[in-house]
Amino acid sequence: MQDDLLLRYSRHIMLPQIEYAGQEKLTQSHALIVGAGGLGAPVAMYLAAAGVGTLTICDFDQVDLTNLQRQIIHTTAAVGQNKALSAQATIAALNPEVNVHVETTRLNDEALAARVLAADVVIDCSDNFATRYLLNQLCFESKKPLVSGAAIRFEGQLSVFDFRHADSPCYHCLYPDVGDDQALRCADNGVFAPLVGMIGTAQAAEAIKVLLNMGQSMEGRLLLLDALSAEWRTIRLKKDPSCAVCGQAESVD
């Protein structure tokens, strides 16, 4: 690492849990961020600031004026631009040492599977069950850790599904797919602006911990936030043996 990078990342390198070796590992890591909206904005900015060397950002949507209340990676000048490209421009100004690849069109299953396979960690910042279920399936098949977050109104949640571990539950264990996408969306229900930052920065922290195998991740736990009461709760999650994605149903002779 050159002197300017040692200075940039000095506050990380001072931490005994990271040090030089950990920071060097971050610079060689690749994170896939699906969604550059309310959650994806702080995720992308903090991973870039922390020095994760390669980011792939997927979002086919355009920046809208209504996004600017919470999607802090986008500016007023970016209204009408593709969100992934807008995010790329912001990150270039924040940390030009980070390589940012963008996907500006809706990827088919095969293309998304290739992006998952190329990443070291996948961060789900999407806003619909179809994408969440697909990412869960692809990460399970590729044995990639998945950091999942959601936020609506004043409530947020976060968990890590680390498929490098055989006993990790998956998103489908938590929310079985019943074929009815009734995900609440900000456009219909509203969202408290700082909430997405609180959950998104927590996702970024979990992603870094996963990349460095540092501390205790949220694997096997669901973090729930009620921003109105400032209450954080943690619920234990267990793998569902009958899960259609990760379960091992017992065979009947």
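Values below: all heavy atoms of this structure, side chains included; hydrogens, waters and symmetry mates excluded.
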Item to complete: Please test His12 against Leu26 for side chain to side chain contact (heavy atoms under 4.5 Å, CB included), starting from the C-alpha separation and ending with a verdict.
Response: CA-CA 11 Å; His12 259 182; Leu26 285 182; 4.2 Å; yes

Fill in: Step-by-step side chain to side chain contact (heavy atoms under 4.5 Å, CB included) determination, Phe60 to Leu107
CA-CA 9 Å; Phe60 58 86; Leu107 299 177; over 6 Å; no

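- Judged by distance alone, the side chain of Lys25 and the main-chain N or O of Leu211 form a donor-acceptor pair under 3.5 Å.
- Ring geometry, Phe129 versus Tyr171: the interplanar angle falls from 30° to 60°, so the pair is classed tilted.
- The distance from the CG atom of Leu237 to the CE atom of Met218 is 8.0 Å, given to the nearest 0.5 Å.
- Using a 4.5 Å cut-off on side-chain heavy atoms (C-beta onward), Tyr20 and Tyr9 make no contact.
- Considering every non-hydrogen atom in both Leu158 and Gln203, the closest pair reads CD1-CG, 3.4 Å.
- When all heavy atoms are compared, the tightest approach of Asp59 to Asn82 is O-ND2, 2.9 Å.
- Judged purely by atom type and a 3.5 angstrom limit, Tyr133 uses its side chain to pair as donor or acceptor with the backbone of Pro176.
- Closest of all the heavy-atom pairs between Gln88 and Val100 is NE2-O, 2.9 Å.
- Between His101 and Arg115 the shortest side-chain heavy-atom distance does not fall below 4.5 Å.
- Nearest heavy-atom pair across Ile18 and Gln23 is CG2-N, 3.6 Å.
- Glu219 has its side chain within reach of Asp167: a pair of non-hydrogen atoms, C-beta onward, lies under 4.5 Å apart.
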Worksheet entry | Verdict with reasoning, Asn95 to Arg8, per side chain to side chain contact (heavy atoms under 4.5 Å, CB included) | CA-CA 9 Å; Asn95 188 351; Arg8 178 184 285 270; 3.5 Å; yes

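- Residue Tyr46 qualifies as open at atom OH: its count of foreign heavy atoms under 6.0 Å is 12 or below.
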Worksheet item: Under the side chain to side chain contact (heavy atoms under 4.5 Å, CB included) criterion, do Leu135 and Phe161 qualify, and how do the steps go?
Response: CA-CA 11 Å; Leu135 283 175; Phe161 309 109; over 6 Å; no

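- Atoms CZ and NE2, from Arg132 and His172 in turn, are 14.0 Å apart once rounded to the nearest 0.5 Å.
- In this structure the side chain of Asp124 never reaches within 4.5 angstrom of the side chain of Asn136, judged on heavy atoms.
- The two residues Ile73 and Ala87 make their nearest non-hydrogen contact at CD1-CB, 3.6 Å.
- When side chains are defined from C-beta on, Arg164 counts as touching Asn213, because their heavy atoms get closer than 4.5 Å.
- Two residues are said to be in side-chain contact when any heavy atoms from C-beta on lie closer than 4.5 Å; Leu47 and Ile123 meet this criterion.
- Taking each heavy atom of Ala44 and Ile33 in turn, the nearest pair found is CA-CD1, 3.6 Å.
- Between the Lys239 side chain and the Cys170 main chain, no donor and acceptor come within less than 3.5 Å of each other.
- Remark: His74 NE2 to Gln81 CD distance equals 9.5 Å, nearest 0.5 Å.
- Considering only heavy atoms from C-beta on, Gln137 stays 4.5 Å or farther from Asp109 through its side chain.
- Within the 4.5 Å cutoff, side-chain heavy atoms of Leu68 are placed close to those of Val63.
- Under 3.5 Å, the side chains of Thr66 and Asp64 contain a donor-acceptor pair of N or O atoms.
- Ring-plane geometry between Phe154 and Phe192 is classed as tilted, the angle between the planes lying from 30 to 60 degrees on a 0 to 90 degree scale.
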